[in-house]
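Reminder, nothing fancy here: chain letters follow the sequence lines and each chain counts from 1. Note that the structure is a prediction, hence the values are computed from the model and not measured.
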Protein chains: 2
Amino acid sequence: MTEKSRPLRADAARNRARVLQVAYETFAEEGAGVPIDEIARRAGVGAGTVYRHFPTKESLFQAIVADRLRQIVEWTRAQAAADPGEGLYAFLFQMAEQGATDLGLTEAFAGSGFDLAAALPDAEKEFTGMMTEILTQAQRAGTVRPDLDAADIKTLIVGLQAMRRFRGDSELMRRVYPVIRAGLAVPDSAETSTREPRT
Amino acid sequence: MTEKSRPLRADAARNRARVLQVAYETFAEEGAGVPIDEIARRAGVGAGTVYRHFPTKESLFQAIVADRLRQIVEWTRAQAAADPGEGLYAFLFQMAEQGATDLGLTEAFAGSGFDLAAALPDAEKEFTGMMTEILTQAQRAGTVRPDLDAADIKTLIVGLQAMRRFRGDSELMRRVYPVIRAGLAVPDSAETSTREPRT
DNA sequence: TCCTAACCGGAACGAGCGCCCCGATTATAT
DNA sequence: ATATAATCGGGGCGCTCGTTCCGGTTAGGA
């Protein structure tokens, strides 16, 4: 391991923190495609300063996504501990809201020119592991149909985020989210796949 | 109105048709972001030839999207005529498949840097009208819950396409699509919004 | 066959953006 | 206060891509 490099100079540390904060907000608003110059401008520094702290635009983006994933894992674990049956639904709704508030995260999640598992294998594994946990919990509690796995949930999240971004008003989420939730509930009969129209 | 301009020279007409065909395939594969040079290369013409027939990259993209929308409207009307109760579901599944086969259409639909209603008002109106028709039909047939409108369906399509693009294998659609379908079905009780976990 | 207007290809231009470089500036130890 | 090494800012390079331009080529009527 490289020894802990000597502490940053005071101004450098301040700038680094400011860049991280501003980059998070900017990626959230504009997505991963925003120019580095825009982030630098908003942070009140030069582009060179951004590149001194993060060797690449992609590395800056990754740092922020990793942070964000960790926050979500923590938040979700707390929710699921309080109510195992509802944990998954709280998580799904929360992730859907990210579609409206954090475009960068949404792009990273949907894999738009960014391979999450390849770029951040540890964060991705922890996230997927957490998803498996709360899904299993909910299935044990009987609030989610048993024929679904974590990959299915991930797919649903991508869909929910796309829908949430498509319609900016949360009103529509109040109309469409219940449809998803109803579909995730345990079916009445034993039949779990396509259902015939009732006669 | 400008009188019908004199017919194109034979080679020009051939090139125009070839560009349209190749552009459709290329936009479908790579999305609206593909360079014009790539389309020209695949069509075996120069970039100048593309621009002679379509003044702008966007106008070429629009022409193709409009065509595609018309095809889908026609196909869906035929399906719905054959089975009013299933028409909407056939349409939804078909649109979901576009997520895997036509990236350009998917981007146009989701409004990724492209305002469908503003760019192609006529095609968009016809498409939305058709959606309203088949939704009403299905609701009358009792196969779809009555508290949804065309805007909700449009939102669901955006979500389905994002999901379908996320996971290339149709296996996953076989797992997730039934969840959506179950959610769209008429609920057993009169309750149509959020449902409490059963006790 | 021959003429000419229409058409063709691809070089070139300008704008946007990731990233690097270097002279000027500033924090900090002495 | 001063020296010095870290840091700063922003101009510049190289590349991509949309769009235009123009010298050469060809379709098609006379």
Side-chain angles (χ1 to χ4, degrees), chain A residues 2-23 26-27 29-65 103-104 107-108 112-115 119, chain B residues 2-23 26-27 29-65 103-104 107-108 112-115 119:
Chain A
T2 94
E3 61 176 310
K4 177 165 40 169
S5 48
R6 101 206 55 170
L8 287 174
R9 231 169 67 173
D11 54 347
R14 209 179 318 137
N15 276 334
R16 186 191 149 90
R18 180 154 180 71
V19 165
L20 262 177
Q21 172 64 22
V22 169
T26 310
F27 281 136
E29 278 175 37
E30 314 278 349
V34 75
I36 280 289
D37 285 14
E38 170 70 12
I39 295 174
R41 200 181 54 73
R42 290 202 201 188
V45 301
T49 301
V50 176
Y51 278 100
R52 194 161 317 102
H53 294 295
F54 302 93
T56 262
K57 180 186 176 181
E58 173 123 1
S59 73
L60 172 58
F61 185 67
Q62 284 178 15
I64 286 163
V65 170
L103 182 52
E107 288 174 352
S112 314
F114 182 79
D115 187 341
Chain B
T2 94
E3 61 175 310
K4 178 163 41 167
S5 48
R6 99 209 54 167
L8 287 174
R9 228 170 69 173
D11 53 348
R14 209 179 319 138
N15 276 335
R16 187 190 149 91
R18 181 155 180 70
V19 164
L20 263 178
Q21 171 65 22
V22 168
T26 311
F27 281 136
E29 279 175 36
E30 315 277 349
V34 75
I36 280 288
D37 285 13
E38 169 70 11
I39 294 175
R41 199 181 54 74
R42 290 202 201 188
V45 302
T49 300
V50 176
Y51 279 98
R52 195 162 315 104
H53 294 295
F54 303 91
T56 261
K57 180 186 175 181
E58 174 124 1
S59 73
L60 172 58
F61 185 67
Q62 285 178 14
I64 286 164
V65 169
L103 182 52
E107 288 174 352
S112 314
F114 182 79
D115 187 340

*asked:* As an exercise, state the distance from CZ of F114(A) to CD of Q62(A), rounded to the nearest 0.5 Å.
replied: 5.0 Å
*Nearest 0.5 Å please: distance from the CD1 atom of I36(B) over to the OG1 atom of T56(B).*
9.0 Å
*asked:* Protein within reach of the bases, or only the backbone? For nucleotides 10-26 of chain C, mark each nucleotide 5' to 3' as B, S or -, using heavy atoms under 4.0 Å.
replied: B------SSB------B
What pairs of donor and acceptor atoms, side-chain ones from residues 12-22 of chain B against any protein atom, are under 3.5 angstrom apart with sequence neighbours left out?
| from | atom 1 | to | atom 2 | distance (Å) |
| --- | --- | --- | --- | --- |
| R18(B) | NE | A43(B) | O | 3.0 |
| Q21(B) | NE2 | E25(B) | OE2 | 2.5 |

Is the closest side-chain heavy-atom distance between [X] and [Y] below 4.5 Å?
X: L60(B); Y: F27(B); result: yes
X: D37(A); Y: R41(A); result: no
X: E29(B); Y: R42(B); result: yes

*CG of L60(B) versus P of dT19(D): gap in Å, rounded?*
11 Å
*What is the distance from CZ of F54(B) to P of dG18(D), rounded to the nearest Å?*
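After rounding, the reported distance stands at 16 Å.
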*Taking K57(B) for the side chain and A32(B) for the main chain, is one N or O donor matched with an acceptor at less than 3.5 Å?*
yes
*Say whether, by atom type as modelled, one donor and one acceptor occur between the side chain of E107(A) and the main chain of G31(A) under 3.5 angstrom.*
no
*Tell me, which of residues 13-22 of chain A have any heavy atom that sits under 4.0 Å from an atom in DNA chain D?*
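Here the set is N15(A).
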